[in-house]
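Keep in mind that the numbers below use all heavy atoms, side chains included, and drop hydrogens, waters and symmetry copies. Naming convention: chains lettered A, B, ... in sequence-line order (proteins, then strands); numbering from 1 in each chain.
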2 protein chains.
Amino acid sequence: MVNRITIKEIARKADVSIGTVDRVLHNRGRVAEATRDKVLKIAKEGNYSSNVMARHLKLNKTYRISVILPEENNYWLMLKEGIEEGCAEFAQMGFTAGYCFVSNDGSQAMQLNQILDSDADGFIIAPSAFHQQTDLLCKLREKGKPYVFVDSNIIDAGQLTFIGQDSYRSGVLGASLLHDKYLSDYEIYITTFSESDIKEQIIKNRIEGFRSYFDENEIKHANIHEVNLEKDQITADDFLNVLLKHENPVHLFIPNSKTYKLAEQLIQFKETNRLRVVGYDLLQSNLRLLNCGAIDYLIHQKPKMQGYLGMQSLYKNIVLKTDVPLHQFMPLDIINKENVMYCQ
Amino acid sequence: MVNRITIKEIARKADVSIGTVDRVLHNRGRVAEATRDKVLKIAKEGNYSSNVMARHLKLNKTYRISVILPEENNYWLMLKEGIEEGCAEFAQMGFTAGYCFVSNDGSQAMQLNQILDSDADGFIIAPSAFHQQTDLLCKLREKGKPYVFVDSNIIDAGQLTFIGQDSYRSGVLGASLLHDKYLSDYEIYITTFSESDIKEQIIKNRIEGFRSYFDENEIKHANIHEVNLEKDQITADDFLNVLLKHENPVHLFIPNSKTYKLAEQLIQFKETNRLRVVGYDLLQSNLRLLNCGAIDYLIHQKPKMQGYLGMQSLYKNIVLKTDVPLHQFMPLDIINKENVMYCQ
DNA sequence: TCGCAAAGTGTTAACGTACACGCAAAATAT
DNA sequence: ATATTTTGCGTGTACGTTAACACTTTGCGA
C-alpha cells in the first residue's frame with residue numbers, strides 16, 4: 001500500500017499525459033487500443049489503486065445516510081449511538097446521517113415512502129420498521145443506492161449486507177446457559193408476552209434453537225413448557241403462582257427483550273432460590289433486574305456495534321469501493337452481573 | 001463537521017492571505033497581534049478544524065509502527081492479526097507495521113534496545129515481552145513517540161493508552177461462572193502450573209478477584225483449594241487422582257491460557273460428569289477441549305480487538321491528533337461451545 | 001481541395017493544506 | 001545619513017486526483 005504508484009508516475013512510464021492515464025483508468029473512452037494496453041499494464045505492474053484522500057479532496061462530496069428504525073426506545077437508541085460513532089469517524093469523508101423512527105400507527109407507509117424517495121446516498125434499515133410492508137423496499141433496489149439491514153434480515157432483498165445475530169444459534173446459547181447437568185429434574189418455561197411476539201421470525205428462530213439444544217443433546221430431565229401470556233390468557237401474577245407451585249428449580253427463557261415485564265414477579269420468585277433466568281438485550285429495566293440477581297444472563301445483540309458496522313459497511317462500499325460480506329454476524333455476547341460493566 | 005470552514009475562507013473573512021492564517025493557526029509567529037486575534041476569532045466562530053485528508057495529502061508522510069510481542073504463539077498472533085487489520089484500514093494514511101517477537105533467552109535486552117532505537121513513529125508493546133526489563137521503556141519516554149500497552153499494563157509509564165482486560169474483574173467473572181447455587185457442597189481448584197505463573201501480576205489479580213467473589217457473596221459451601229503443580233511437586237496425573245478422590249462436583253479455575261496442559265486428565269475426569277472448568281484464551285488447543293466438553297467456559301481476552309484498537313489509538317493520536325483515553329478495558333467475553341463460532 | 005467531424009492526446013485548474021520564499025515597511029544599528 | 005535587521009504579510013508550489021477544455025491529427029464526404 002505504501003509507496004503506491006500514482007497516475008503521474010504511470011503517465012511518465014507510459015510516456016503519455018496524466019489525462020490519458022485518467023481516461024484509461026476511468027474508461028472515459030477515446031484512447032488508442034495500444035496506449036490503453038500499455039497504461040493498464042503499467043498500472044497493474046505498479047499495483048495501482050487510487051488515493052482515496054486525493055479523490056475525496058477533489059470531488060469534495062458529502063454523503064447523506066438515511067437511517068430507518070422502528071421506534072425511539074432504548075434498544076434502537078443504542079443502535080443509533082453506534083451509527084453516530086461511525087458517522088463521527090467518517091465525518092472527515094463527508095458522512096452525515098439522518099434518522100427516522102417509524103411509528104406503527106397506519107401512517108408508516110407514507111413515512112417510509114417519503115424517506116425512500118429522498119436522495120440519500122445510502123440507507124441503514126431495521127427491516128422490522130417496515131411492519132410487514134417490506135415490498136416498499138423494491139424502490140430502493142431500483143435506485144441503485146446501497147442499503148444495509150440491521151437487527152433482522154430479509155433474504156435476497158438486494159441489501160449490501162446484513163448485520164445482526166444468528167437468532168437460531170442465540171437460542172441454542174440460551175439453552176446452554178439454562179441447562180444444568182447436576183439437576184435431576186427441573187422446569188423450563190419459554191415465556192413470551194403478546195401474541196405478536198410469536199409471529200416474529202427472530203423469536204421463532206430463537207425458540208427453535210433453544211429446543212434443538214435439548215433435543216440434540218438428548219436431555220430428558222428438563223421439563224420444557226411454552227407460555228404466551230396473552231394467548232394463554234394468564235396474567236403475570238397468575239404466571240408467578242404457576243411457577244411457585246413447582247418444587248423443582250424453575251428456569252425461564254424469554255426470547256426477546258421483554259423480561260422486564262415480569263420484574264416484580266421475578267424479584268418475588270427469586271426468594272425461593274430456585275430460579276434461573278435468561279433474557280435478551282441490555283435495556284435499562286433489564287439491567288436493573290440483572291444487577292439485583294433476578295436475571296442471570298442477558299444475551300446481548302450489540303446494537304451499538306451493529307450501528308457502527310452499518311456505517312462502516314456503507315463507507316467501505318461508497319468511498320473505498322471495496323467488497324462487503326453479505327452477512328456480518330454479531331458475536332453472541334453473554335452478559336451477567338459480573339461483566340456487564342465492561343460490556344460495549 | 002460537514003461544510004467546515006477552510007483556511008481560505010478564514011482568510012477571505014479576515015481580509016488577509018491564507019499564508020497569514022496558516023501562520024496564526026500553526027503559531028509560526030511573525031503576525032501582528034490584532035491580525036492574530038481577528039483570525040483566531042473567525043476560526044473559532046467557524047469551528048475550524050483542519051482537513052485531515054488535505055493535510056495528509058500535502059505532507060505525504062508515512063508512519064512506521066513497531067510492534068513488540070513476547071513470542072510467536074497463537075495468542076500473540078491473534079493480536080498481530082488485529083494490528084494488521086487496523087494497518088490495512090489506515091494504509092491509505094500511510095501506516096505500516098513492523099513486528100518483533102522477543103525471545104526470553106538472554107538476548108532480549110539487545111533485541112529490545114535495537115527496536116527502541118529505531119526511528120518508528122509509534123509503538124505497540126506487550127509489556128510482558130520485556131521480561132522484567134521494563135526500565136528500558138524510559139528510552140521511549142525520552143523520544144516523545146507515542147506507545148501503547150496491550151494485554152498487561154504498567155502504571156504511569158508514559159504510555160498513550162493501555163488496552164486490555166481488568167484482570168481482577170475477570171477473576172470475579174470466572175468465579176461467577178463456576179459458582180453453583182444449587183450445589184450444597186463442591187470443590188474448587190484454582191490451578192496453576194509453573195512457579196513463574198503465580199509471580200505474574202495478572203494471574204495474581206485474577207485469583208484475587210476470583211476469591212473475592214466467594215468472600216463478598218459469603219458463599220461457604222464451595223471448598224476452595226489452590227494448586228501450583230510445579231511448586232507442589234505434583235504431576236498432572238497425580239492431580240487427576242486427587243480430583244477423582246472427591247465425590248463432590250469438582251470445579252477448576254485456571255487463571256491463564258494453560259488449561260490445555262491438563263487436556264488428557266480433563267477428558268478423563270469428564271466421564272465422572274461432575275466436572276466444570278473455566279479457563280482463559282482461545283488457543284487452538286483450548287478450543288479443542290471446549291468443543292469436546294472438557295472446558296465449559298473460556299474467558300476471552302479478545303487479543304485481535306486489542307491489536308486493532310492499539311493501531312486505532314495510534315492513528316487517532318498521530319493523524320487526527322485527538323485524545324485517547326488512558327485505559328481502554330476490553331469486554332470480559334464469556335465463550336462456550338455454543339457461541340464460539342461467532343466469536344471475534 | 002476544402003471543410004468538418006471524430007479520434008487521440010495534452011493542459012490546466014481546482015480541492016485544502018503546508019511551507020518555502022520573497023517583498024515591503026518599519027525599526028534599529030552604524 | 002545610509003545600512004541592516006526585524007516585523008508583517010502575500011505568493012507560489014506541491015501532494016494525487018478529477019474533469020473540463022483545447023489542441024493536433026486523421027479520415028471522409030462534398
Short side-chain N/O contact from [X] to OP1 or OP2 of [N], under 4.0 Å:
{"X": "B:Lys58", "N": "D:dG16", "value": "no"}
{"X": "B:Thr35", "N": "D:dC9", "value": "yes"}
{"X": "B:Asn60", "N": "D:dA14", "value": "no"}

- Outer limits of DNA chain C sitting under 4.0 Å from a non-hydrogen atom of chain A, read 5' to 3', are C:dA7 to C:dG16
- Query: Taking atom OH of A:Tyr315 and atom CD1 of A:Ile65, what is their separation to the nearest 0.5 Å?
  - Reply: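 With rounding to 0.5 Å, OH (A:Tyr315) is 12.5 Å from CD1 (A:Ile65).
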- Task: Give the nucleotide from the list D:dA19, D:dC15, D:dC9 with an atom nearest to the side chain of B:Arg23.
- Result: D:dC9
- Message: Please identify which of these residues, A:Lys58, A:Arg28, A:Lys8, A:Arg30, meets the salt bridge (Lys or Arg N to Asp or Glu O under 4.0 Å) condition with A:Asp22.
- Response: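 That would be A:Arg28; it is the only one of A:Lys58, A:Arg28, A:Lys8, A:Arg30 passing the salt bridge (Lys or Arg N to Asp or Glu O under 4.0 Å) with A:Asp22.
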- Query: Looking at A:Tyr99, does the NZ or CZ of A:Lys80 lie under 6.0 angstrom from its six-membered ring centre and within 45 degrees of the ring axis?
  - Reply: yes
Expressed in angstrom and rounded to an integer, what is the separation of [X] atom [atom1] from [N] atom [atom2]?
{"X": "A:Lys321", "N": "D:dT17", "atom1": "NZ", "atom2": "P", "result": "14 Å"}
{"X": "A:His26", "N": "D:dA19", "atom1": "NE2", "atom2": "P", "result": "6 Å"}
{"X": "A:Lys8", "N": "D:dA14", "atom1": "NZ", "atom2": "P", "result": "7 Å"}
{"X": "B:Gln92", "N": "D:dC15", "atom1": "CD", "atom2": "C1'", "result": "14 Å"}
{"X": "B:Leu57", "N": "D:dT17", "atom1": "CG", "atom2": "P", "result": "9 Å"}

For the residue pair [Y] / [X], report whether a side-chain donor-acceptor contact shorter than 3.5 Å exists.
{"X": "A:Ser103", "Y": "A:Gln111", "result": "yes"}
{"X": "A:Asp333", "Y": "A:Gln344", "result": "no"}
{"X": "A:Arg55", "Y": "A:Ser50", "result": "yes"}
{"X": "B:Asp151", "Y": "B:Gln165", "result": "no"}
{"X": "B:Glu84", "Y": "B:Tyr308", "result": "no"}

- Note on the structure: Heavy-atom closest pair (A:Gln92 atom, A:His56 atom, distance to 0.1 Å) is O-CE1, 3.4 Å
May I ask you to say what [X] touches in the nucleic acid, namely base, sugar-phosphate or nothing, with a heavy-atom cut-off under 4.0 Å?
{"X": "B:Asn51", "value": "sugar-phosphate"}
{"X": "A:Ile7", "value": "base"}
{"X": "B:Arg55", "value": "sugar-phosphate"}
{"X": "A:His56", "value": "nothing"}

- Item | Residue whose closest nucleotide on DNA chain D lies nearer the 5' end, B:Arg36 versus A:Tyr48 |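 Taking each residue's closest nucleotide, the earlier one in sequence belongs to B:Arg36.
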- Query: Mapping B:Arg28 and A:Val31 onto DNA chain C by nearest heavy atom, which one lands closer to the 5' end?
  - Reply: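 Result of the comparison: A:Val31.
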- What are the residues of residues 9-19 of chain A, sorted by number, that bring a heavy atom to within less than 4.0 Å of DNA chain D?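 Nucleic-acid contacts, sorted: A:Ile18.
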- Looking at the rings of A:Phe162 and A:Phe149, which for Trp means the six-membered one, are their centres under 6.0 Å apart? no
